[in-house]
Q: 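I'd like to ask you about the structure that follows.
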Number of protein chains: 2
Amino acid sequence: MPAQTIGHVAKASGTPIETIRFYEREGLLPEAPRTMSGYRLYDESTVKRLRFIARAKALGFTLAEIRDLLALQDNPASNKTGRAEVKAITERKLDDIEHKIADLQRMQKVLSHLAHECSGKGGVAHCPIIETLSGIEDCTHPEHR
Amino acid sequence: MPAQTIGHVAKASGTPIETIRFYEREGLLPEAPRTMSGYRLYDESTVKRLRFIARAKALGFTLAEIRDLLALQDNPASNKTGRAEVKAITERKLDDIEHKIADLQRMQKVLSHLAHECSGKGGVAHCPIIETLSGIEDCTHPEHR
DNA sequence: ATAAACCCTAAAGTCAACTACAGAGTCAAG
DNA sequence: CTTGACTCTGTAGTTGACTTTAGGGTTTAT
């Protein structure tokens, strides 16, 4: 196993050096072995682990969730029931994401409606966007619901 | 105009007292007039303003954007061209939201695929979720793209 | 008259996920 | 043997939208 310094791992994984040290502090990476002079030494598995973290982040997992996923992966005891937990974490995240999408779609609906209603010309006085945010019931076009 | 203390406004608007003071510091609310002893005094318009803020927040506007919207509403000079700016802010926000939705839908797609692939039974060893996050090319079902 | 309930300020803390110092030691090349 | 690139630790700063704390005045009800 050829040992690499933190800078090499940073380049190979695309993760900044500071972030690698941060992940170690946060328990996403094990404490690295050191040279006599205190430099951290890594092997290829660390690069893979950092790529795992990057992919999981891209899917919306938080660092806390990723830490749990990695712990399951690391723990030999999780070779009995681990998959259920992994699936549970994934499904919770899926649920989160579906809620967020639903929220955003509600916002989108209202905003695109407002953007269409507003001519963009003239003063703010009877701007339908401002009026809606102000909670005015009787807009100039009260036919909507 | 019956003047109310901050506590009444908090109750009437559903905004915590501390948050009202925070909004004043941040320029979303004008500085309130005070009693001789330094208590802030508000009238109904503040309650309306706080409701405006709450609605705008619910639609995903940041406090900075809300401040801009309120400034346009307040500024008599904006009664010439203000509506264009209001519409621009709204459309930028709509754009943001559409991007966020697209991102989340990409995550959702991958995660729901993973959740279906994984039985949830057994150890973490060949869990398809873990394997995908680990970047393994040849899954047991490599037919997907 | 005193206690409960309310208000004030300024400053610090919270969360997430980094990012950026400052100050010092180490290693490879010329 | 010195310069420059690299690494170390520990601490502090960033963003957004608050929340909390400490320490003190004020008002209202009994």
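No experiment lies behind these values; they were computed from the predicted model shown. Here is the naming used below: chain letters follow the sequence lines, and residue numbers restart at 1 for every chain.
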Q: Where the side chain of A:Glu18 is defined as all heavy atoms beyond and including C-beta, which of D:dC8, C:dC7, C:dA20 is the nearest nucleotide?
A: C:dA20
Q: For B:Ile6 and D:dT27, what is the distance between atoms CD1 and C1' respectively, to the nearest whole Å?
A: 16 Å
Q: In whole Å, I'd like the distance from the CD1 atom of A:Ile17 to the P atom of C:dA20.
A: 12 Å
Q: Does the side chain of A:Lys57 get closer than 4.0 angstrom to OP1 or OP2 of C:dC18 through an N or O atom?
A: yes
Q: Checking all strands, does B:Thr5 fall into the base, sugar-phosphate, or nothing category for heavy-atom contacts under 4.0 angstrom?
A: sugar-phosphate
Q: Kindly say if A:Tyr23 contacts the phosphate of C:dC18, meaning a side-chain N or O under 4.0 Å from OP1 or OP2.
A: yes
Q: Rounding to an integer number of Å, can you tell me how far B:Asp68 CG sits from D:dG16 P?
A: 13 Å
Q: Under 4.0 Å between any heavy atoms, over every strand shown, what does B:Thr62 touch: base, sugar-phosphate, or nothing? Just pick one.
A: sugar-phosphate
Q: Quick one: A:Met36 CE to C:dG25 P, roughly how many Å, whole number?
A: 17 Å
Q: Donor-acceptor check, side chain of A:Ser13 to backbone of A:Val9, threshold 3.5 angstrom: yes or no?
A: yes
Q: For B:Leu104, is there any backbone N or O sitting under 3.5 Å from a side-chain donor or acceptor partner on A:Lys100?
A: no
Q: When you check the gap from the basic side-chain N to the acidic O, do B:Arg21 and B:Glu24 get nearer than 4.0 Å?
A: no
Q: Within less than 4.0 Å of OP1 or OP2 of D:dT11, is there a side-chain N or O belonging to A:Arg21?
A: no
Q: Could you report the tightest heavy-atom contact between A:Pro30 and A:Arg49, atom names first, then the distance?
A: CD-NE, 3.9 Å
Q: Scan side-chain atoms only and decide if A:Glu65 and A:Thr62 contain a donor-acceptor pair under the 3.5 Å cut-off.
A: yes
Q: Tell me which of B:Arg34 and A:Arg25 sits closer to the 5' end of DNA chain C, going by the nucleotide each one is nearest to.
A: B:Arg34
Q: Using only modelled atom types and a 3.5 angstrom limit, is any donor from either the side chain of B:Tyr39 or the base of C:dC8 paired with an acceptor on the other?
A: no
Q: CG of A:Leu28 versus P of C:dA16: gap in Å, rounded?
A: 13 Å
Q: Counting only side-chain heavy atoms from C-beta out, which of D:dT27, C:dC18, C:dC8 sits nearest to B:Ser37?
A: D:dT27
Q: Taking the nucleotide of DNA chain D with the nearest heavy atom to each, does B:Thr35 or B:Ala64 sit closer to the 5' end?
A: B:Ala64
Q: Counting side-chain heavy atoms from C-beta on, which of D:dC18, D:dC8, C:dA17 comes nearest to B:Phe22?
A: D:dC18
Q: So, OP1 or OP2 of D:dG16: does either fall under 4.0 Å of a side-chain N or O from B:Arg67?
A: no
Q: Within this structure, what is the CD1-to-C1' distance between A:Ile20 and D:dC8, rounded to whole angstrom?
A: 14 Å
Q: For A:His8 and D:dT7, give me the distance from atom NE2 to atom P, rounded to whole Å.
A: 7 Å
Q: May I have the distance from B:Gln4 (atom CD) to C:dC6 (atom P), rounded to whole angstrom?
A: 15 Å
